[in-house]
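Just so you know, ligand 1 is whichever comes first in the structure, and atom 1 is the first atom listed for that ligand.
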Amino acid sequence: MSRTVETPGRETTGVGCAPLRDGAPESLNFIDGEWRPSETGRTFASVNPADTRDVVGRFQQSSAADVAAAIRAATTAYPAWRRMPAPKRGEIMYRFGALLAEHKERLARAMTREMGKVIAEARGDVQEGIDIAYLMAGEGRRLFGETVPSELPSKWAMSVREPMGAAGIITPWNFPIAIPCWKMMPALVAGNTVVFKPASDTPHCATLLVELMAEAGFPAGTVNLVTGGGDEVGTAIVESPDVPVISFTGNGETGRRIAGLAAKRLKRVALELGGKNAIVVMDDADLDLAVEGILWSAFGTTGQRCTAASRLVVQRGVLESLLERLERGAAGLRLGDGLDAHTDVGPLINAAAMEKVGRYVEIGRGEGEVVVGGVPATDRPGLGHGHFFAPTILRDVMPLARVAQEEIFGPVLSVISVDTYEDAAMVVNSTRYGLSSSIFTSDTNTAFRAMHDFETGIVYVNAGTIGAETHLPFGGTKETGSGHREAGHAALDTFTEWKSIYVDYSGRLQRAQIDNQPR
Ligand code: UN1
């Protein structure tokens with residue numbers, strides 16, 4: 001069965017829950033190697049945020065029963081998959097990486113249409129998926145454990161990584177190819193199977209991704225896709241006793257709920273919940289470089305990255321000249337459909353995001369002064385049917401103001417001025433988050449101090465706060481998450497259990513800690 005069906009007349013809950021008569025294709029869930037409709041008979045629509053009249057497709061509004069079927073499939077497929085030699089699992093992953101590369105342009109265009117990021121960034125998102133697929137394919141031939149000397153003669157001691165079972169993968173819409181790959185590739189190469197629930201705003205990207213995974217040759221049941229709402233689908237995955245590990249990226253409130261539910265079952269949870277990332281600009285910085293880095297980090301992906309720069313901490317000597325350049329730069333950014341090569345900044349993801357960003361800008365007006373932006377851009381030509389908000393900079397914000405503390409997830413940058421490096425470091429660290437940070441300086445000593453002082457999982461020197469590469473650990477400190485890391489070898493820690501193995505080849509009973517004492 002193909003992944004789409006023609007089903008005129010089925011009930012569709014879309015924007016405003018009105019039935020849609022749009023002719024948009026309907027996609028199915030992928031369970032046990034088959035494309036299947038939800039048992040609910042209901043669907044929901046995914047729309048283009050640059051023009052909400054454009055319906056991308058309809059997707060299954062799944063239930064706990066659909067999730068149960070997916071978990072059954074993943075649990076049934078698990079024993080054979082975990083027995084397959086890891087290098088062989090890696091070979092399938094290489095094929096998948098090659099398919100992603102082959103279909104990169106098609107996927108990138110579908111992504112821009114479904115979630116709005118500009119096409120160059122969408123290509124980058126797919127590239128991040130390719131990179132992690134190849135990295136983890138290689139892990140199939142490593143998956144290193146340790147071999148250590150035993151304290152006893154004629155005894156062997158080593159540790160190996162073991163898979164855990166069916167992994168629950170719950171992903172956001174802002175990196176709809178990259179983040180599912182960051183989670184599924186390490187889970188699968190280590191020998192786990194997966195149940196994948198994508199964000200309700202990007203089910204189309206998820207469907208295209210899983211289609212390529214099936215084509216690459218992942219056996220039936222190893223990868224299962226269930227679309228639908230967090231309350232039904234997400235909760236059913238998290239509460240299942242048959243899913244021992246959950247990996248989630250998204251907002252803090254949902255993350256806390258997941259952690260609470262999972263704690264009752266003592267299951268492992270890896271959470272990546274965002275940031276309030278700061279860029280520091282010292283008086284001795286290359287200002288042209290800093291301006292480029294700030295605009296890219298604050299307004300790239302319309303500010304909708306966990307790693308986006310939402311705070312700018314400026315040493316007072318360069319404050320006015322930096323603000324002047326940033327104002328000019330931000331005002332010059334072209335908003336529009338990300339498929340237009342001239343567009344710099346795409347739309348926000350949905351109406352709720354527009355409302356949230358607008359609300360925070362109103363709060364910001366009482367906490368600072370708007371330098372540029374501060375309003376929706378939907379009155380501009382061609383933008384009337386999308387979720388467009390003007391890139392916004394607020395100045396004279398205090399470090400503990402709400403706009404400097406709370407994650408807005410939109411194109412809003414709060415500027416805080418300081419006198420010294422020490423003050424800057426203190427401001428960087430005075431948030432509950434700790435994902436990414438950056439410093440622009442030409443003083444090597446200051447750069448090294450920052451590398452040490454900034455309490456974030458990622459620190460950049462003379463670059464913005466975004467653009468992490470897939471072969472180093474990705475994640476943050478404090479309330480950014482649960483302390484786990486994605487990407488790099490560290491990603492394997494989420495999806496594996498350590499097993500320590502002792503082999504005694506002395507032929508007699510040797511008691512550890514007792515028979516090893518000098519006589
Ligand atoms: C995210 O926003 O959740 O470093 C991920 C970056 C990207 C990934 C961001 N490579 O900005």
Side-chain angles (χ1 to χ4, degrees), residues 100 108 111 115-118 120-136 169-186 198-199 201-202 205-206 247-252 254-255 270-279 292-311 345-346 348-349 353 407-413 433-438 454 456-482 484-488 490-491 494:
L100 272 184
M111 186 186 306
M115 58 69 68
K117 69 169 71 172
V118 300
E121 291 183 37
R123 291 184 190 117
D125 189 316
V126 180
Q127 186 59 47
E128 215 162 339
I130 298 167
D131 294 344
I132 197 77
Y134 286 156
L135 179 73
M136 287 298 149
I169 305 292
I170 306 176
T171 59
W173 47 265
N174 68 332
F175 278 81
I177 299 284
I179 291 181
C181 289
W182 285 11
K183 296 183 189 301
M184 288 197 277
M185 297 302 116
D201 287 300
T202 49
C205 289
S247 179
F248 168 77
T249 297
N251 72 59
T254 310
L271 303 170
E272 206 278 87
L273 308 177
K276 193 69 195 175
N277 314 293
I279 293 180
E292 280 188 69
I294 294 161
L295 292 174
W296 170 229
S297 300
F299 305 127
T301 330
T302 322
Q304 302 172 110
R305 289 198 194 207
C306 302
T307 50
S310 53
R311 296 184 297 154
V345 177
L348 288 168
I349 186 68
E407 192 180 44
I408 301 173
F409 225 63
V412 182
L413 179 70
Y433 295 104
L435 183 53
S436 185
S437 59
S438 121
F454 292 3
T456 53
I458 307 166
V459 178
Y460 289 91
V461 175
N462 290 330
T465 53
I466 65 178
E469 301 178 31
T470 53
H471 43 296
L472 280 183
F474 179 93
T477 63
K478 301 191 261 185
E479 292 181 26
T480 284
S482 50
H484 294 84
R485 293 292 184 270
E486 303 197 87
T494 295

What residue and atom, counting heavy atoms only, is the protein's closest point to [atom], and at what distance?
atom: atom 4 (O) of ligand 1; value: A468 N, 2.7 Å
atom: atom 6 (C) of ligand 1; value: G467 N, 3.2 Å
atom: atom 11 (O) of ligand 1; value: T307 OG1, 2.6 Å

Do the non-hydrogen side-chain atoms of I408 and K276 ever get within less than 4.5 Å of each other? yes
Heavy-atom side-chain contact between Y460 and I279 under 4.5 Å: no
Exercise: do S247 and K183 side chains pair donor with acceptor under 3.5 Å: yes
Using a distance-only test with no angle check, is there a side-chain donor-acceptor pair under 3.5 angstrom linking S436 and T307? no
Looking only at distance, does [X] have an N or O less than 3.5 Å from an N or O of ligand 1?
X: F175; value: no
X: I179; value: no
X: C306; value: yes
X: W182; value: no
X: E128; value: yes
X: Y460; value: no

Determine whether the side chain, the backbone, both or neither of N174 has a heavy atom under 4.0 Å from any heavy atom of ligand 1. side chain
Logged contact type for E469 with ligand 1, heavy-atom cut-off 4.0 Å, is neither
Backbone N or O of C306 within a donor-acceptor pair of the N277 side chain at under 3.5 Å? yes
Within 45° cone of W296 ring axis and under 6.0 Å: R305 NZ or CZ: yes
Suppose I only count heavy atoms of E272 and a 4.0 Å limit; which atoms of ligand 1 are within that range? 3 (O)
Under 4.0 Å from one or more heavy atoms of R305, ligand 1 contributes atoms 2 (O), 6 (C), 7 (C), 11 (O)
Kindly compute the distance separating [atom1] ([X]) from [atom2] ([Y]), expressed to the nearest 0.5 Å.
X: L348; Y: M115; atom1: CG; atom2: CE; value: 10.0 Å
X: R123; Y: I177; atom1: CZ; atom2: CD1; value: 14.5 Å
X: M184; Y: M136; atom1: CE; atom2: CE; value: 13.5 Å

